[in-house]
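Order of listing sets the numbers, starting from 1, for every ligand and every atom in it.
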Amino acid sequence: MNKKFLDLGFQPLANEYLKVFRSNQIKYKLKIYFDTVSKMVSISKRIPSKKMFNAKYPYRSSISRTMRYSFKNLSAEIKKRFKPKIILEIGSNDGALISNFDRNKVIGVEPCKNLASITKKMKYTTYDKYWNFDLARKIKRKYKSIDLIYSANTLTHISNLNDVFKSINHLLSNNGVLIIEDPSLLECIKKNSYDQFYNEHIYIFSAISLKFLLKRFNLEIFDIKSLSTHGGSLRYYIKRCINRDLPISFTVKKQLKKEIKYGLNNYSTYSLFSKRVIKSKKDLLFILSKIKQRKKRILGYGATAKAVTVLNYCNIDKKLISYFTDTTPEKINNFMPGKNIKILRYNKDILKKYDYAFLGAWNFKDEIFKKESEFIKKGGKFITHVPFPRIINK
Ligand code: DWN
């Protein structure tokens, strides 16, 4: 049974940055549910993929050093540990991962044509299509089977998980490995990062819910790694149940135990989380308005999809945060979805005019603090809402 635990109000598409602010930008109700049987956490309103992931999609994986580094490390691990002949990435974005492999060894799948064109230009085989059974069949006709399939921050964005895993099953070789990585539900709940919920994130996986789902496809998790990326992610290593060559690591049991101990399989955990989210909104608004009363200036740092959830849920507009700044060319000079806050091009002096910076990209705090050490040295402060709203300078 699906039980609602959180209502984040009306939210625009998280990556629909507008050139001209419109107060009537379309918004959708964002409610979050827990399935008491499968233990899956998901949002209720499903927006058609074409509306969200199209030729205007602005998010680029390569833009942050942290992500480039993470993908580089992973590709070295894949080569050494699994020695695959051919790799397929579902959601190859701008090539942050595939660019670490030889061109004849890797295939990208990326439905956002603006991003697919980047890897095509780099001469990487890229299917600019949505991941589905038709595409899996097409790829199978050409490549027979794939021995390593990888997908980061993509499968949770696809509504029909049955089709997702049926298609993977069709293509994965018998002793093949599927690696997926996504924000960890445990970290999200522990850190009160309700901003991981937006229309693109249809599901937030836990090891518990993923295990339940994979069983239907005769797949199982054989290893799990905790990552610091995206506020705390899990990398799941998956194989066919019939494949006995890959032993099941203790990390799987350990993660499942941790999640059960925290209560991820109980509705009550989510209703407590929901109460903390309501308090987080109140406390963040209190901090921002106190700063504004003192006539200080606040800049939003990192025009993330997550920040869109925060702004729209807490009803924060340019009276509280004057501008945002971001390094992504596609976001610059646009407005934060749903709010009249303009995004300025990042430059190294931008923070000089501000007293405080709200960490929209709190998941890159270390990278940002290193970059902005001058601002901090001169008394500048950051505001974050994770794990609870507060002002920080270290
Ligand atoms: O799953 C998703 C994740 C992986 O990426 C998507 N559905 C959408 C997107 O979510 P996000 O926008 O919350 O992701 P990030 O990676 O937290 O976005 C970081 C943003 O901050 C980018 O727009 C780049 C910007 N940034 C910046 O301006 N200066 C980042 C850093 C580190 C910086 O120094």
State yes or no: are the ring centers of [X] and [Y] separated by less than 6.0 Å?
| X | Y | value |
| --- | --- | --- |
| Tyr194 | Tyr313 | yes |
| Tyr236 | Phe222 | no |
| Tyr354 | Phe375 | no |

Original post:
Is it true that atom CZ of Arg46 has more than 12 heavy atoms of other residues, nucleotides or ligands lying nearer than 6.0 Å?
Top reply: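 More than 12 heavy atoms, drawn from other residues, nucleotides or ligands, come within 6.0 Å of this atom.
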Subject >> Lys29 atom NZ, over 12 foreign heavy atoms within 6.0 Å >> reply: yes
**OP:** Determine the interplanar angle of the Phe82 and Tyr237 rings, folded into 0 to 90°, and report it as parallel if under 30°, tilted if 30 to 60°, perpendicular if over 60°.
**Re:** tilted
What are the atom names and distances for all N or O pairs under 3.5 Å between ligand 1 and the protein?
| residue | atom | partner | partner atom | Å |
| --- | --- | --- | --- | --- |
| ligand 1 | 1 (O) | His157 | NE2 | 3.1 |
| ligand 1 | 1 (O) | His201 | NE2 | 2.9 |
| ligand 1 | 7 (N) | His157 | NE2 | 2.8 |
| ligand 1 | 7 (N) | Tyr198 | OH | 3.2 |
| ligand 1 | 7 (N) | Glu200 | OE1 | 2.6 |
| ligand 1 | 10 (O) | Tyr198 | OH | 3.3 |
| ligand 1 | 12 (O) | Ala305 | N | 2.8 |
| ligand 1 | 13 (O) | Ala305 | N | 3.4 |
| ligand 1 | 13 (O) | Lys306 | N | 3.4 |
| ligand 1 | 13 (O) | Lys306 | NZ | 2.7 |
| ligand 1 | 16 (O) | Tyr59 | OH | 3.0 |
| ligand 1 | 17 (O) | Lys306 | NZ | 2.6 |
| ligand 1 | 17 (O) | Asn363 | OD1 | 3.4 |
| ligand 1 | 17 (O) | Asn363 | ND2 | 2.8 |
| ligand 1 | 23 (O) | Asp326 | OD1 | 3.0 |
| ligand 1 | 23 (O) | Asp326 | OD2 | 2.8 |
| ligand 1 | 23 (O) | Thr328 | OG1 | 3.1 |
| ligand 1 | 23 (O) | Lys331 | NZ | 2.7 |
| ligand 1 | 28 (O) | Thr327 | N | 3.0 |
| ligand 1 | 28 (O) | Thr327 | OG1 | 3.3 |
| ligand 1 | 34 (O) | Lys371 | NZ | 2.6 |

